[in-house]
Undergrad: 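Following this message is one structure expressed as structure tokens.
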Amino acid sequence: MSFSEAQRPLYEVKANLFKGLAHPFRIRILELLSESAEVSVAELLSETGLEASHLSQHLSVLRRHRLVESERRGSHVYYRLAHGRAAEMLAVARELLLDILRSDGERLDDARALPALGQDRR
């Protein structure tokens, strides 16, 4: 099923949302932000172990994709999730990941139980 030209921009926005999520450190940053109303850049640096320039780049991507918002107070910058639903999305994604890993673990056990092949029959 194809989509119309009118629908295309909506799919592009959705794809860009997932591009914003497409890095392990950005996921971790969002998880940290989902645990608090706001988090300072200093705390994010401490929690992620990233260099300041790398953290800044990741935060820039998250801002560009409208996943986070920032506020400067004096010499400190604080970040928060732009949408509360992002925390829900992260929770669902974690549940899905756990389901996938459980499934893979079950498949791995099934594979180990298969009869031996060729040389392995000894």
Side-chain angles (χ1 to χ4, degrees):
M1 172 188 274
S2 65
F3 52 86
S4 72
E5 284 303 310
Q7 293 170 325
R8 184 179 181 92
L10 296 174
Y11 283 104
E12 289 173 355
V13 168
K14 192 174 188 178
N16 285 331
L17 169 67
F18 287 104
K19 286 178 188 176
L21 300 169
H23 194 283
F25 278 113
R26 290 197 290 270
I27 297 292
R28 182 64 184 134
I29 291 165
L30 291 171
E31 287 178 344
L32 291 167
L33 294 175
S34 72
E35 296 170 1
S36 302
E38 63 183 15
V39 179
S40 70
V41 169
E43 290 173 278
L44 290 171
L45 284 168
S46 173
E47 289 292 328
T48 62
L50 288 168
E51 293 180 22
S53 62
H54 292 145
L55 176 62
S56 178
Q57 290 171 0
H58 288 300
L59 290 169
S60 175
V61 170
L62 292 171
R63 276 193 317 272
R64 184 170 51 251
H65 294 295
R66 294 185 262 174
L67 290 163
V68 300
E69 297 173 340
S70 63
E71 182 179 339
R72 179 176 290 280
R73 284 186 234 133
S75 62
H76 299 284
V77 178
Y78 294 86
Y79 278 85
R80 64 185 163 274
L81 293 178
H83 306 278
R85 306 280 321 256
E88 294 173 43
M89 180 183 61
L90 291 167
V92 169
R94 181 166 290 197
E95 289 173 20
L96 176 60
L97 173 63
L98 292 172
D99 287 348
I100 290 168
L101 292 176
R102 260 196 280 328
S103 174
D104 285 351
E106 291 167 8
R107 287 187 196 138
L108 184 56
D109 290 342
D110 290 344
R112 287 185 178 137
L114 289 172
L117 295 175
Q119 301 171 8
D120 295 337
R121 290 188 185 163
R122 299 180 218 161

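This is a predicted model, so every value here is computed, not measured. Note that the numbering runs from 1 along the sequence shown for the chain.
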Undergrad: Nearest 0.5 Å, please: how far is CG in Leu62 from CZ in Phe25?
TA: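 CG of Leu62 is found 13.0 Å from CZ of Phe25.
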Undergrad: Taking C-beta and beyond as the side chain, do Leu44 and Leu59 meet within less than 4.5 Å on heavy atoms?
TA: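 With C-beta onward as the side chain, the pair touches.
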Undergrad: Side-chain contact test, heavy atoms from C-beta onward, threshold under 4.5 Å: evaluate it for Pro24 versus Arg28 and give yes or no.
TA: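 Of all side-chain heavy-atom pairs linking Arg28 with Pro24, none is under 4.5 Å.
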Undergrad: Would Phe18 end up clustered with Leu33 when hydrophobic side chains under 4.5 Å apart are linked, directly or stepwise?
TA: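 Same cluster.
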Undergrad: Quick one: pull up NZ in Lys19 and CG in Asn16 and give me the separation to the nearest 0.5 Å.
TA: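 CG of Asn16 is found 4.5 Å from NZ of Lys19.
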Undergrad: Return a table of donor-acceptor pairs under 3.5 angstrom between the side chains of residues 79-88 and protein atoms on other chains or two or more places apart.
TA:
{"from": "Tyr79", "atom 1": "OH", "to": "Arg63", "atom 2": "NH1", "distance (Å)": "2.4"}
{"from": "Arg80", "atom 1": "NE", "to": "Glu69", "atom 2": "OE1", "distance (Å)": "3.3"}
{"from": "Arg85", "atom 1": "NE", "to": "Glu88", "atom 2": "OE1", "distance (Å)": "3.3"}

Undergrad: Locate the shortest heavy-atom distance separating Leu67 from Leu21; write the atom from each residue and the value.
TA: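 Nearest heavy atoms, Leu67 then Leu21: CD1-CD2, 4.0 Å.
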Undergrad: How about Ile29 and Leu55: do any of their side-chain heavy atoms sit closer than 4.5 Å?
TA: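 In short, these two side chains touch, coming nearer than 4.5 Å.
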Undergrad: Side-chain atoms of residues 92-100: list all donor-acceptor pairs with protein atoms under 3.5 Å, sequence neighbours left out, distances to 0.1 Å.
TA:
{"from": "Arg94", "atom 1": "NH2", "to": "Glu31", "atom 2": "OE1", "distance (Å)": "3.3"}
{"from": "Arg94", "atom 1": "NH2", "to": "Glu31", "atom 2": "OE2", "distance (Å)": "2.8"}
{"from": "Asp99", "atom 1": "OD1", "to": "Arg102", "atom 2": "NH2", "distance (Å)": "3.3"}

Undergrad: Hey, what else clusters with Val13 if you join Ile, Leu, Val, Met, Phe, Trp, Tyr whenever side-chain heavy atoms sit under 4.5 Å?
TA: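 Direct or chained contacts put Val13 with none.
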Undergrad: Running the 4.5 Å side-chain criterion over Ile, Leu, Val, Met, Phe, Trp and Tyr, what cluster does Val61 land in, apart from itself?
TA: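 So far as hydrophobic clustering goes, Val61 is joined with none.
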Undergrad: Mind jotting down which residue pairs meet the side chain to side chain donor-acceptor pair (under 3.5 Å) criterion with at least one end in residues 43-58? Sequence neighbours excluded, please.
TA: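 For residues 43-58, and leaving out neighbouring residues, the side chain to side chain donor-acceptor pair (under 3.5 Å) pairs sorted by first residue read Arg26-His58, Ser40-Glu43.
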Undergrad: Search all heavy atoms of Val68 against all heavy atoms of Leu30 and return the closest pair with its distance.
TA: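 So the minimum-distance heavy-atom pair works out to CG1-CD2, 3.7 Å.
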Undergrad: Run the ring pair (Phe, Tyr, Trp, His ring centres under 6.0 Å) test against Tyr11 and tell me which residues pass, sequence neighbours left out.
TA: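 Once residues adjacent in sequence are excluded, the partners of Tyr11 under the ring pair (Phe, Tyr, Trp, His ring centres under 6.0 Å) criterion are Phe3.
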Undergrad: Partners of Glu12 by side chain to side chain donor-acceptor pair (under 3.5 Å), sequence neighbours excluded?
TA: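 Side chain to side chain donor-acceptor pair (under 3.5 Å) check on Glu12 returns Arg8.
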Undergrad: With a sphere of 6.0 Å drawn around NE2 of His23, does it hold more than 12 non-hydrogen atoms of other residues, nucleotides or ligands?
TA: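 For His23, atom NE2 is crowded (more than 12 foreign heavy atoms under 6.0 Å).
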